[in-house]
**Q** 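The following block contains the structure, expressed as structure tokens.
Computed over heavy atoms, backbone and side chain alike; hydrogens, waters and symmetry mates excluded. Model, not experiment: these values are computed from the prediction.
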Amino acid sequence: MNQITPRPARPDASAALRPVMLQFNNNALMPALLGEHDRHLVRLEQGLGVRLACKGNRVAITGEPEAVGMAQAALEGLWARLERGLGVTAGDVDAAIRLGRGTDEDPRLPLSDLPAIRTRRGSVGPRSPGQLAYMETLARHEMVFALGPAGTGKTYLAVAQAVAMLMGGGVERIVLCRPAVEAGERLGFLPGDLKEKIDPYLRPLYDALHDMMPGDQVFRRMEKGEIEVAPLAFMRGRTLAHSFVILDEAQNTTEAQMKMFLTRMGEGTRMVITGDLTQIDLPVGTRSGLRDAVETLEGVQGIGFARFDVGDVVRHPLVGRIVAAYEQRAAAARDTRREQDGHS
């Protein structure tokens with residue numbers, strides 16, 4: 001790709017409506033960049049507040065300088081994907097928008113140089129600034145707490161890192177677990193054998209595994225004990241060495257369960273604890289083990305923390321709006337309670 005008009009380092013107000021022209025050097029890839037009926041360009045326009053016009057292999061970007069810079073970074077990142085032989089989906093466009101918005105705060109971009117976790121099914125890269133920081137935290141720390149709303153990729157990226165380390169010989173096995181809080185850990189009340197009882201709670205972890213590895217490899221490695229998926233109750237009394245251990249939905253652990261889990265860590269083991277403190281399903285009056293652990297362990301050497309917000313939601317765009325609506329309602333309720341306390 002050849003850039004005709006470079007993006008100025010410090011654009012002034014007079015350049016606000018002066019278009020930046022990008023020229024791409026492979027006409028065969030242009031349809032994939034633009035999307036069917038230019039849908040990718042429309043998505044970029046709506047997400048970044050710019051106007052995009054394509055003629056041949058050139059795209060003109062018009063708008064405020066900051067927004068133009070974001071759009072340019074997004075287009076360059078998408079083009080780099082195409083040059084590497086990867087496709088561009090609507091999700092990739094949304095990811096480029098989120099990451100493009102982070103360029104002014106994070107000098108580690110441009111998007112073409114983003115890190116990736118490599119698995120047998122291909123590379124997994126960040127789709128938001130929060131995911132970028134999370135991936136770097138996973139690489140640096142032996143224990144990581146990932147906190148934030150649903151749809152931000154907390155568990156998915158942790159599983160990707162686990163698979164990459166297993167394939168590369170960094171660990172000998174993967175252990176994935178969740179608290180079966182809806183059954184109160186009393187799995188005997190559910191119908192079926194043990195596997196049928198616990199599978200509904202562990203299905204999201206199975207799904208992530210199958211995204212990272214061919215299905216036959218998943219089953220073969222599970223049979224050999226290299227991959228284990230189990231409810232949290234099964235961790236008691238064990239020491240997990242040379243393993244990559246992920247505790248998902250950790251907001252639904254009690255304080256005792258969380259302490260038990262964290263102290264299973266053995267030599268050469270990595271641990272990732274994920275959860276959303278706004279979706280605690282424990283009985284009323286029971287304190288979340290995740291909340292307690294975060295308050296107790298933040299600042300302890302060797303432990304990393306990654307926090308996501310609604311801007312990092314990478315599922316359907318409507319999910320992000322749903323999360324934002326609930327957060328706004330919760331904030332309004334808090335404000336109302338404070339006002340009532342002030343008048344009492």
Side-chain angles (χ1 to χ4, degrees), residues 1-114 116 123 125-132 151 153 309-321 324:
M1 183 189 74
N2 297 318
Q3 185 178 315
I4 294 179
T5 305
R7 175 175 36 172
R10 297 179 179 273
D12 55 34
S14 64
L17 298 179
R18 188 181 305 158
V20 167
M21 188 76 70
L22 299 181
Q23 179 171 319
F24 301 92
N25 57 14
N26 188 337
N27 289 341
L29 297 180
M30 288 301 294
L33 178 68
L34 305 178
E36 187 177 1
H37 304 301
D38 291 347
R39 287 178 182 171
H40 294 167
L41 292 190
V42 172
R43 211 174 188 98
L44 287 168
E45 287 181 329
Q46 294 172 345
L48 296 173
V50 296
R51 293 184 62 186
L52 301 174
C54 179
K55 186 174 182 180
N57 63 345
R58 298 183 181 186
V59 176
I61 312 171
T62 306
E64 294 298 324
E66 183 178 2
V68 168
M70 293 177 187
Q72 181 175 341
L75 284 166
E76 290 171 349
L78 294 171
W79 186 256
R81 283 184 57 86
L82 293 171
E83 288 189 317
R84 293 196 299 269
L86 304 173
V88 170
T89 66
D92 296 321
V93 176
D94 290 337
I97 291 170
R98 284 188 294 270
L99 288 162
R101 287 172 178 157
T103 52
D104 290 338
E105 293 80 23
D106 194 335
R108 290 167 294 187
L109 304 177
L111 309 184
S112 56
D113 296 328
L114 291 175
S123 61
R127 288 178 166 246
S128 74
Q131 287 194 355
L132 174 60
D309 58 30
V310 64
D312 294 305
V313 174
V314 296
R315 290 182 185 165
H316 191 286
L318 189 56
V319 175
R321 295 196 288 273

**Q** How long is the gap from CG on Leu52 to CD on Gln72, to the nearest 0.5 Å?
**A**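 Here the rounded value is 11.5 Å.
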
**Q** Any non-hydrogen side-chain atom of Asn25 less than 4.5 Å from a side-chain atom of Glu83?
**A**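 The answer is yes; the side chains approach within 4.5 Å.
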
**Q** Could you report the tightest heavy-atom contact between Val59 and Met30, atom names first, then the distance?
**A**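 Of all heavy-atom pairs spanning Val59 and Met30, the closest is CG2-CE, 4.4 Å.
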
**Q** Just by modelled atom types, is the Asn27 backbone N or O under 3.5 Å from a matching donor or acceptor in the Asn57 side chain?
**A**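 No, because the side chain of Asn57 does not come within donor-acceptor range (under 3.5 Å) of the backbone of Asn27.
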
**Q** Do side-chain atoms of Arg51 reach the backbone of Gly63 as a donor and acceptor pair under 3.5 angstrom?
**A**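 Such a contact is absent between Arg51 side chain and Gly63 backbone.
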
**Q** Please report the interatomic distance CG(Leu34) to SG(Cys54), rounded to the nearest 0.5 Å.
**A**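 Answer rounded to 0.5 Å: 4.5 Å.
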
**Q** Could you tell me the separation between the CE atom of Met21 and the OG1 atom of Thr62, rounded to the nearest 0.5 Å?
**A**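 It comes to 8.0 Å.
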
**Q** Evaluate the side-chain proximity of His40 to Leu78: yes if any heavy-atom separation is below 4.5 Å, no if none is.
**A**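 Heavy-atom side-chain distance check fails, nothing below 4.5 Å.
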
**Q** If you define the side chain from C-beta out and look only at heavy atoms, does anything of Leu75 sit under 4.5 Å from Ile61?
**A**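 The answer is yes, as the side chains (C-beta and beyond) meet within the 4.5 Å cut-off.
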
**Q** Are the charged groups of Asp92 and Arg127 less than 4.0 angstrom apart, N to O?
**A**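 Salt bridge: yes.
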
**Q** With heavy-atom distances below 4.5 Å as the criterion, would you say the side chains of Glu76 and Phe24 are in contact?
**A**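 No, their side chains stay 4.5 Å or more apart.
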
**Q** Can you check whether Gly91's main-chain N or O pairs, donor with acceptor, with Asp94's side chain at less than 3.5 Å?
**A**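 No.
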
**Q** Kindly give the heavy-atom pair with the smallest separation between Ala67 and Gly49, and that separation in Å.
**A**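 Minimum heavy-atom separation between Ala67 and Gly49: CB-O, 4.3 Å.
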
**Q** Considering all heavy atoms of both residues, which atom of Ala32 and which atom of Leu82 are nearest to each other, and what is their separation?
**A**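 In this case the closest contact between Ala32 and Leu82 is CB-CD2, 3.6 Å.
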
**Q** With heavy-atom distances below 4.5 Å as the criterion, would you say the side chains of Val88 and Val93 are in contact?
**A**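 In short, these two side chains touch, coming nearer than 4.5 Å.
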
**Q** Output all residues satisfying salt bridge (charged side-chain N to carboxylate O under 4.0 Å, His left out) with Asp309, sequence neighbours left out; order by chain, then residue number.
**A**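 Asp309 satisfies salt bridge (charged side-chain N to carboxylate O under 4.0 Å, His left out) with no residue once adjacent residues are dropped.
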
